[in-house]
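This report refers to the structure that appears directly beneath it.
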Number of protein chains: 2
Amino acid sequence: MGLSQTDLDKVDGLVQVRRSVKRGDHVFRSGESFHALYAVRAGFFMTSSLTEDGRDQVTGFQMAGELLGMDGIGSGKHACDAVALEDSELCVIPFPTFEELSLQIPALQQHMHRVMSREIVRDHGVMMLLGSMRAEERLAAFLMNLSQRYSARGFSANEFILRMTREAIGSYLGLKLETVSRLFSKLQEDGIITVNQKRVSITNVARLRSLVNPRPY
Amino acid sequence: MGLSQTDLDKVDGLVQVRRSVKRGDHVFRSGESFHALYAVRAGFFMTSSLTEDGRDQVTGFQMAGELLGMDGIGSGKHACDAVALEDSELCVIPFPTFEELSLQIPALQQHMHRVMSREIVRDHGVMMLLGSMRAEERLAAFLMNLSQRYSARGFSANEFILRMTREAIGSYLGLKLETVSRLFSKLQEDGIITVNQKRVSITNVARLRSLVNPRPY
DNA sequence: CGCCAACTTGATGGCTGTCAAGTCAGGTGG
DNA sequence: CCACCTGACTTGACAGCCATCAAGTTGGCG
């Protein structure tokens, strides 16, 4: 990011607190007061919001390098739950300290703006997925997205473990778990992926990609 | 926001450029390079994104006091189209200048973080709407939201003009325009609203509200 | 080894999309 | 001023996708 050594030291000081979480642990819960952002160092997380009547909606899955907790800045209270889907490690970023520091380091402020902006754009992508795609297309887009993100982190793009349940995938994609399960089976029958419980391999990336935008007109 | 007079003067300087737009005008288009944020002074706007295959998804409706363009910060290019739905007026906020200024004025930086955070939370609300509500519930939630926002701006909470078409509402809610039209008719038959083209009155707020979370279990 | 959560698969139904045929309102030009 | 035209909207008939309900099956963990 083009920081001076002094600035780097300051940022280092900011993120000194680490936190380990086990699978199933909550990082924070909806309604808790907001104090810090959390950078995922390693592992896999999921965020979800609850409606008043008890239904919940998975709003995202976070991997190494991604940020948790930005929902809490606006109101001072977290607006969703964040749960670890495997044993994971976080950097705790106390937010008041962070804000002070980013007054001194322009690049840090800019970085924060970009990260939040990208989160907004990502959310718009999900809205598009939920609003205008059919079930198979949604699942294909989801798998392509996971593949791309694993790949960017040095893992295999074509073979990975789904850390979340079918129900969580369904919630994220606006589908029921049975539908997700059926679609996995269908994609397997079609020779596009092989699925064995949580283990997925993409055997035909081109066809999977072609499912994502199926109606060129 | 608790700013000193000097700070207020600086912020005043920042937002000096105004821009009038007529109904149908674009504020910016997807792909254009990002230079400024736009604060809605008066009027009504809509943002939408296009998939590669031509379908588009309305991602939001913006009223006075709300901000357009935050999607562009992350990549330096706008990620959606912003269109005026009536003759409107904007403040242009050149973003580089804004970032410099918010290094000097802590309250300004904090404000920006809060605004972006709230946008993220709002988007999560839409994801919840799209992912877990049925059609009638979505429309009810949409009307309640509009009502609340009009009310907050000093307009009637129970009677307003829909600035957008049925198609735009449908796109936003993940429904087809025919479905939206049918639902308006149904809500009218049920005595909850009266609709006449773009004019809507809410005649039974309690019942409308009760449609939003219909399954207490 | 047994239990339980997660998952798969089948049968059925209903919500919402699709296609089609109008109706209405507002704007334009004669 | 009126006829016309066009985009927006409404309504009906029908179909299909996905939810729902139900009954297993599998795998992980104590």
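For clarity, every value in this text was computed on a predicted model and none was experimentally measured. Reckoned from all heavy atoms, side chains included, excluding hydrogens, waters and symmetry mates.
- Remark: the backbone N or O of Ser181(A) is paired with a side-chain donor or acceptor of Ser185(A) at under 3.5 angstrom.
- Ion pairing between a basic and an acidic side chain is recognised when a charged N comes within 4.0 Å of a carboxylate O; Glu137(B) and Arg55(A) show such pairing.
- Listed nucleotides dC17(D), dA11(C), dA22(D) differ in distance to Arg182(A); the shortest reach to its side chain belongs to dA11(C).
- Proximity of a side-chain donor or acceptor of Ser171(A) to a complementary backbone N or O of Glu167(A) within less than 3.5 Å is not detected.
- Contact annotation for Leu175(B): backbone-only contact, meaning every heavy-atom pair under 4.0 Å involves sugar-phosphate atoms and none involves a base.
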| request: Check the pair Val195(A), Leu187(A) against side chain to side chain contact (heavy atoms under 4.5 Å, CB included), reporting the backbone distance first and the verdict last. | output: CA-CA 9 Å; Val195(A) 199; Leu187(A) 290 181; over 6 Å; no
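- Here Glu178(B) pairs with nothing under the side chain to side chain donor-acceptor pair (under 3.5 Å) rule; sequence neighbours left out.
- Within 4.0 Å (heavy atoms only), Gly170(A) reaches no atom of the nucleic acid at all.
- The side chain of Thr165(B) places no N or O atom within less than 4.0 Å of a non-bridging phosphate oxygen (OP1 or OP2) of dG7(D).
- Among the heavy atoms of the strands lying under 4.0 Å from Ser181(A) is at least one base atom, whether or not backbone atoms are also near.
- Atom CZ in Arg138(B) sits 9.0 Å away from atom CE in Met133(B) (nearest 0.5 Å).
- The side chain of Lys198(B) sits closest to dA8(D) out of dT20(D), dT18(C), dA8(D).
- Between its opening and closing five pairs, the helix from dC1(C)-dG30(D) to dG30(C)-dC1(D) changes axis direction by 40°, a value rounded to 10 degrees.
- The phosphate of dT8(C) (OP1 or OP2) has no side-chain N or O of Ser185(A) nearer than 4.0 angstrom.
- Nearest to the side-chain atoms of Arg166(B) among the listed nucleotides dC29(D), dT10(D), dT8(C) stands dT10(D).
- With distances taken from any side-chain atom of Gln197(A) to the nucleotides dT20(D), dT11(D), dG27(D), the minimum falls on dG27(D).
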